[in-house]
> 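Let me begin by handing over the structure; questions about it come next.
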Amino acid sequence: MQKKPNRSGDAAELRRRAEVRMREHHRSTVPPRTDADTQRLVHELQVHQIELEMQNVELQGARDQMEAMLEKLTDLYDFAPVGYFSLDEQGRIMEVNLAGAALLGVDRSQLINRRLQQFLAPTSRPIFQAFLEKVFAEPGKQICEASLVTKNGTPSWVDFQATAAGSLRSEQKWCRVAVSDITALKRADETQRHMEAQVAANRELKQEIVQRKEAEKALKKSERYSRQLLAESVGLQKRLQHLSHQVLQAQEDERKRISRELHDDIAQVLTAISFHLAVLKKESEPNGKNVKRKIAQTQRLVERSVDIVHQFALTLHKHGRVRRWLGFD
């Protein structure tokens with residue numbers, strides 16, 4: 001910041017320099033012969049004239065310096081890399097630099113007294129309105145992000161940073177707003193999210209590949225187990241066939257046993273018949289009744305023998321049919 005000049009010291013320095021220049025002027029010229037009062041008055045006038053000339057030169061230099069500084073500040077304001085807006089409480093544009101006008105795609109002269117909200121996307125207008133109310137309600141810098149829709153319809157994302165301001169000459173409230181284009185940053189974030197999504201998808205794909213490989217291993221293991229079960233079933237079938245043979249063999253053995261037992265029973269019955277017939281032969285003449293009784297007993301034994309033989313034949317017949325059905329005969 002430029003220091004304020006010390007006017008009393010500058011005036012004394014200015015008078016001293018004027019007097020020095022006046023003395024140098026008197027050395028080069030011969031003063032007219034006048035009385036003391038006239039000479040003093042002329043001296044004062046000449047010194048004052050020189051002071052005015054020097055002040056004029058300094059004022060001209062100060063004005064040139066101020067104009068240069070104003071031009072520099074104007075360039076800095078207009079050609080800043082971000083947009084600068086001065087807004088009132090309704091969001092009307094009071095001032096805007098060239099960068100801000102370029103962001104909106106509208107000539108700067110056509111933006112004054114227009115509301116900034118009309119250049120925002122409909123979804124961003126409530127957000128900006130709440131942001132603007134917060135700027136005038138709370139101290140300090142406020143920040144928000146919104147989407148702009150320019151005159152050519154191109155959407156872009158911008159960052160708003162605002163601080164409330166005021167003027168001693170006016171009671172109107174206004175704020176300074178710096179607007180930065182963050183479209184590239186948003187796109188980079190979107191690209192980053194897309195890349196992260198792709199990485200996550202690749203990770204899921206790798207997991208799916210691992211799961212498929214595990215499923216293939218499980219399928220191969222299941223196929224081996226199925227083949228093992230098939231082999232075991234074939235072995236079981238062979239064992240069942242062997243068991244069937246054993247059962248049939250047991251049945252055949254039972255047949256033989258029955259046959260033997262039947263043969264033995266018949267032999268015993270026939271022996272008994274033979275014995276009773278022998279007794280009958282001896283006792284037939286003395287007592288006729290007794291002979292009849294013995295004959296009846298012998299007949300019953302014979303009938304019993306016939307039944308045993310019949311059952312024996314039936315049993316053997318059934319066993320023969322079973323063997324023929326199983327294909328052994």
Side-chain angles (χ1 to χ4, degrees), residues 69-166 172-213:
M69 290 180 62
L70 179 61
E71 184 178 357
K72 183 177 181 180
L73 291 174
T74 302
D75 290 341
L76 290 174
Y77 178 77
D78 281 337
F79 298 102
V82 297
Y84 288 111
F85 291 80
S86 297
L87 306 178
D88 64 7
E89 291 183 279
Q90 285 73 39
R92 282 190 292 266
I93 300 172
M94 302 167 62
E95 290 180 356
V96 58
N97 67 345
L98 294 177
L103 281 174
L104 302 182
V106 181
D107 187 78
R108 179 163 58 174
S109 61
Q110 300 177 5
L111 291 175
I112 305 303
N113 291 327
R114 294 178 66 178
R115 297 186 67 184
L116 185 58
Q117 290 91 322
Q118 71 184 80
F119 298 97
L120 299 177
T123 55
S124 295
R125 291 173 185 174
I127 299 174
F128 180 79
Q129 185 62 36
F131 160 76
L132 197 62
E133 292 174 358
K134 193 173 181 180
V135 168
F136 288 102
E138 300 180 8
K141 183 173 65 175
Q142 306 297 332
I143 300 173
C144 84
E145 294 179 359
S147 177
L148 286 178
V149 179
T150 57
K151 190 175 182 180
N152 58 7
T154 304
S156 61
W157 281 93
V158 292
D159 172 76
F160 289 104
Q161 298 188 21
T163 304
Q172 183 182 11
K173 292 182 179 180
W174 59 283
C175 65
R176 299 184 182 91
V177 184
V179 185
S180 303
D181 189 348
I182 58 173
T183 304
L185 182 61
K186 284 285 187 179
R187 289 176 180 172
D189 290 341
E190 184 178 355
T191 303
Q192 180 67 24
R193 288 194 298 270
H194 182 66
M195 291 177 63
E196 291 176 354
Q198 285 186 338
V199 170
N202 291 335
R203 190 182 301 113
E204 292 178 358
L205 182 60
K206 290 180 179 178
Q207 291 178 354
E208 184 177 354
I209 292 173
V210 171
Q211 291 175 356
R212 288 188 177 181
K213 289 183 177 179

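Note that the structure is predicted; figures quoted are calculated from it, not measured.
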> Taking salt bridge (Lys or Arg N to Asp or Glu O under 4.0 Å) as the definition, give me every residue that meets it alongside R92, ordered by chain and number, with sequence neighbours left out.
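Applying salt bridge (Lys or Arg N to Asp or Glu O under 4.0 Å) to R92 gives D88.
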> Less than 4.5 Å apart, any side-chain heavy atom of Q129 and any of R125?
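No, side chains not in contact.
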> Evaluate the side-chain proximity of L103 to S156: yes if any heavy-atom separation is below 4.5 Å, no if none is.
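S156 vs L103: side chains apart.
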> How many angstroms lie between CG in N202 and CD in E204, if you round to the nearest 0.5 Å?
9.5 Å
> Going by the rule ring pair (Phe, Tyr, Trp, His ring centres under 6.0 Å), which residues pair with F128 if we only count those two or more places apart in sequence or in a different chain?
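Scan of F128 (ring pair (Phe, Tyr, Trp, His ring centres under 6.0 Å), adjacent residues dropped) gives F131, F160.
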> What pairs with K186 under side chain to side chain donor-acceptor pair (under 3.5 Å), at least two apart in sequence or on another chain?
E145
> Listed by chain and number, what are the side chain to side chain donor-acceptor pair (under 3.5 Å) partners of E208, not counting sequence neighbours?
R212
> For E190, what residues pass the side chain to side chain donor-acceptor pair (under 3.5 Å) criterion, not counting sequence neighbours?
none
> What distance do R193 atom CZ and D189 atom CG have between them, rounded to the nearest 0.5 Å?
6.0 Å
> The criterion is side-chain contact (heavy atoms from CB on, under 4.5 Å); which residues satisfy it with A121, sequence neighbours excluded?
T123, S124, S147, V149
> How many angstroms lie between atom CZ of R176 and atom CD of Q161, to the nearest 0.5 angstrom?
14.5 Å
> Under the rule for side-chain contact (heavy atoms from CB on, under 4.5 Å), what residues qualify as partners of E138, not counting sequence neighbours?
K134, Q142
> About how many Å separate OG of S86 and CE of M94, when rounded to the nearest 0.5 Å?
6.5 Å
> Who passes side-chain contact (heavy atoms from CB on, under 4.5 Å) against L111, sequence neighbours left out?
I93, V96, A101, L104, V106, F119
> Taking side chain to side chain donor-acceptor pair (under 3.5 Å) as the test, write out the residues that go with Q198, two or more places apart.
H194
> Can you tell me how far the OG1 atom of T183 sits from the CG atom of L148, to the nearest 0.5 Å?
8.0 Å
> Taking only residues two or more places apart in sequence, or in another chain, which ones meet T163 in a side-chain contact (heavy atoms from CB on, under 4.5 Å)?
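Residues passing side-chain contact (heavy atoms from CB on, under 4.5 Å) with T163: K141.
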> Can you tell me how far apart CG (N97) and CZ (F85) are? Round to the nearest 0.5 Å.
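N97 atom CG to F85 atom CZ measures 7.0 Å (nearest 0.5 Å).
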